[in-house]
Amino acid sequence: MEFSELIRTGRAQAELLPGPEEPPLRGTLCVTGHHLLLSPGPPSTADLWLLLLRSVDSIEKRVAGDSGTITLRCKDLRVLQLDIEGVEATLDIARSIEALSSLESVITSFPFFYRPKGLRLGDAWHFHPPECYYKRVARETNAWRLSEVNQDFSLCPSYPRAVIVPRAVDDDALARSARFRQGGRFPVLCYHHAPSGTVLLRSSQPLTGPQKRRCAEDEDLLRAVLAGAHPGARGFIVDTRSAQAAKQARMTGGGTEAKAAYPGWKRLHRPLERGRALQESFVRLVEACGDPEQSMDRWLSRLEGCRWLAHVKEALSTACLAAQGMEREGACILVHGAEGRDSTLLVTSLAQLILDPLSRTITGFQELVEREWIQAGHPFQLRCAHSAFSHARPKHEAPTFLLFLDCVWQLGRQFPLSLEFGEGLLLALFEHAYASPFGTFLCNSEKERCLCEVRTRTHSLWSGLNQLKEQRKLRNPLYVLNPLAIWPSVEPQSLRLWQGLFLRWTRPPESSEVAWEKVWQIVTEREKTKGSQPTAST
């Protein structure tokens, strides 16, 4: 199918209303296979306006007289209005945008056509392979090895080719453990905490079923985890489902680890919302943030009713539980829910940010996202198919990754000197997860990315973000390396609405944003002054 078949009208005269704080822009509107462009006519000196069609979440159209209006609600929460000359042109452009913004084919998406200046295909894809983190683990302990048992993705289609596993467990035992776990996601290491000698692992639920089946190799694997830690080590299994949900899962073939079968391990249930309930919470929050006419009582009621900050609190609390088990109790931690591809990754990645100073650097945080979300099999294509404005009923959509970014923002607000990156990086990751010219967040797993040749045919987001011109937007000028764990407060008065995201397009910049830019100016001027000072001759 050619893109031209979906473009009913290629161009029209239009006026763009980009938002409450920006002036309207008038010119020629053009529709291409991947973009909506508006070229301002004279006497305007404004630049070409460009919108990636994949970022459109919903579209509304209405006509009156001999013109029409199209309202575009975008996945980054922008709301754009286009006033177009001609009723037929309005309807044709609306149909074209609807068709082009909803294409499901990965290989016809814009990242496969994007060729920016200064970047080469293949750059930065090699920055964060599993082998990179394993080298760090190997310097700290010899109890673990890098296994390529999943080299062809046949054992677990949602795992990467290489995983870190106990040295005492061979690949045949891993294969049997995989058959005992949903989707083949057997327990693998995601973080080694050197100060305590303990580890953080993730997996999916065991397939015990109503017959309470057991798997000797799976039991041996978790026994080897404790043996590879310190003498007398114990472990906690943090189940992100309620006890009732886990019990119901057993009736359909899932279940939990039986206490008698896994000596030394204790199960803790910390239910985290996922799926449709989390998506609807996101939708209700965005609806509340977009209503400028509501009273204070109504706003506070809607903010509480959507429960978004409650989800933030529960995620941070569970991550703190996992981190405290490792740091303060010297215990190994295994995290799983049902599939192990959503709330599990939320907890393991936040726990690492709390404990690991390297994960709080720009490079370390990029590696964390790559390793714990992208390579670990979070289904971005399904979860981020729509944002908060789609009229379609959510099927697989869930803003789990956005919830993670919000929790990271809360950490940065409570510990303003401890993260090397600022809000700019978090906003960029939110935008690119939902619609991006880069290939990093395409597909649902490493297997799918290999089949689509994403690594050889698209550019990595990290190569774009790591350019010098982007660093000012992303870096925290106040950053000071903090070697200690950072323990966030989850009290209600400590958690805030992330205004920089949820109110980004509806209100003028906060004084804090102006202050942030001022800090950058001071730091830049100080660096210039240091660089211009003459050095003493010897």
Side-chain angles (χ1 to χ4, degrees), residues 137 141 143-144 164-166 169 177 180-182 185-206 208 214-215 218-247 249-250 254-272 274 313-356 372 376 407 485 487-488 490:
V137 174
T141 174
W144 298 82
I164 304 174
V165 297
V169 180
S177 175
F180 183 65
R181 296 277 173 171
Q182 182 169 339
R185 294 177 69 88
F186 56 93
V188 297
L189 180 142
C190 52
Y191 174 60
H192 176 257
H193 188 51
S196 65
T198 57
V199 292
L200 180 65
L201 305 102
R202 48 177 158 74
S203 71
S204 60
Q205 67 175 338
T208 54
R214 293 176 59 174
C215 173
D218 192 78
E219 295 166 15
D220 290 343
L221 195 161
L222 289 189
R223 192 175 297 115
V225 169
L226 298 183
H230 53 80
R234 56 180 179 147
F236 291 104
I237 299 172
V238 178
D239 195 325
T240 61
R241 304 167 295 177
S242 66
Q244 181 64 27
K247 185 177 181 180
R250 186 183 301 143
T256 57
E257 293 84 356
K259 185 176 181 180
Y262 296 87
W265 291 88
K266 180 180 179 181
R267 189 171 69 251
L268 304 172
H269 289 278
R270 292 296 184 271
L272 297 178
R274 56 178 63 81
K313 177 184 186 299
E314 290 158 3
L316 284 172
S317 298
T318 307
C320 284
L321 174 71
Q324 287 172 353
M326 300 175 72
E327 168 109 335
R328 298 178 177 176
E329 300 189 33
C332 296
I333 306 292
L334 168 63
V335 183
H336 73 67
E339 295 181 358
R341 302 176 70 181
D342 292 281
S343 56
T344 297
L345 309 183
L346 175 65
V347 173
T348 58
S349 52
L350 287 174
Q352 291 177 66
L353 270 173
I354 290 169
L355 292 174
D356 182 20
E372 286 300 298
C407 291
W487 301 103
V490 295

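Quick note: numbers below take in every heavy atom, side chains included, and nothing from hydrogens, waters or symmetry partners.
Residues His336 and Glu257 bring a donor and an acceptor atom of their side chains to less than 3.5 Å of each other. Residues Gln205 and Arg185 have side chains that never bring a donor and an acceptor to within less than 3.5 angstrom of each other. Judged by distance alone, the side chains of Arg274 and Ser343 do bring a donor and an acceptor atom under 3.5 Å apart.
Across Thr208 and Thr256, no two heavy atoms sit closer than the pair CG2-O, 3.4 Å. Scanning both residues, Ala323 and Ala351, for their nearest heavy atoms gives CB-O, 4.3 Å. Here the shortest heavy-atom pairing between Gln182 and Ala338 reads OE1-O, 3.7 Å. For the pair Arg241 and Gly255, the tightest heavy-atom approach, listed with the atom from each and the gap, is NH2-O, 3.0 Å. The minimum heavy-atom distance between Ser204 and Arg181, with the atom names listed, is O-NH1, 2.9 Å. When every heavy atom of Gly337 is checked against every heavy atom of Thr240, the shortest pair comes out as CA-OG1, 3.3 Å.
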For this session: Go through the steps to decide whether Thr348 and Tyr191 satisfy the test side-chain contact (heavy atoms from CB on, under 4.5 Å), and finish with yes or no.
Result: CA-CA 8 Å; Thr348 58; Tyr191 174 60; over 6 Å; no

Exercise. Can you list the steps and then say if Glu329 with Arg234 is a side-chain contact (heavy atoms from CB on, under 4.5 Å)?
Worked result: CA-CA 9 Å; Glu329 300 189 33; Arg234 56 180 179 147; 2.8 Å; yes

For this session: Go through the steps to decide whether Val199 and Val225 satisfy the test side-chain contact (heavy atoms from CB on, under 4.5 Å), and finish with yes or no.
Result: CA-CA 8 Å; Val199 292; Val225 169; 3.7 Å; yes

Exercise. Please walk me through it: do Arg270 and Ser317 pass side-chain contact (heavy atoms from CB on, under 4.5 Å)?
Worked result: CA-CA 9 Å; Arg270 292 296 184 271; Ser317 298; over 6 Å; no

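You'll find the side chain of Ile333 reaches within 4.5 Å of the side chain of Val238, heavy atoms only. Taking 4.5 Å as the limit, some side-chain heavy atom of Cys320 sits within range of a side-chain heavy atom of Pro488. A 4.5 Å side-chain heavy-atom check between Pro187 and Asp218 finds at least one atom pair inside the cut-off. Side-chain contact between Phe186 and Ser203 is absent, with no heavy atoms from C-beta onward closer than 4.5 Å.
In this structure, the separation between CD on Gln324 and CG on Leu355 is 9.5 Å, given to the nearest 0.5 Å. Summarising the geometry, atom CG belonging to Leu200 is positioned 9.5 Å from atom SG belonging to Cys332; distances are rounded to the nearest 0.5 Å. The line from OG1 of Thr198 to NE2 of His193 is 5.5 Å long, rounded to the nearest 0.5 Å. The structure places CG of Leu268 at 9.5 Å from CG of Asp239, a figure rounded to the nearest 0.5 Å. Here the OH-CG distance, from Tyr262 to Leu334, works out to 9.5 Å after rounding to the nearest 0.5 Å. Rounding to the nearest 0.5 angstrom, the gap separating the CE atom in Met326 from the CD atom in Gln352 is 8.0 Å.
A donor-acceptor contact shorter than 3.5 Å links the side chain of Trp265 to the backbone of Leu222. No side-chain donor-acceptor contact under 3.5 Å links Thr344 to the backbone of Arg341. With hydrogens and angles ignored, the 3.5 Å screen pairs no side-chain donor or acceptor of Thr318 with any backbone N or O of Val347.
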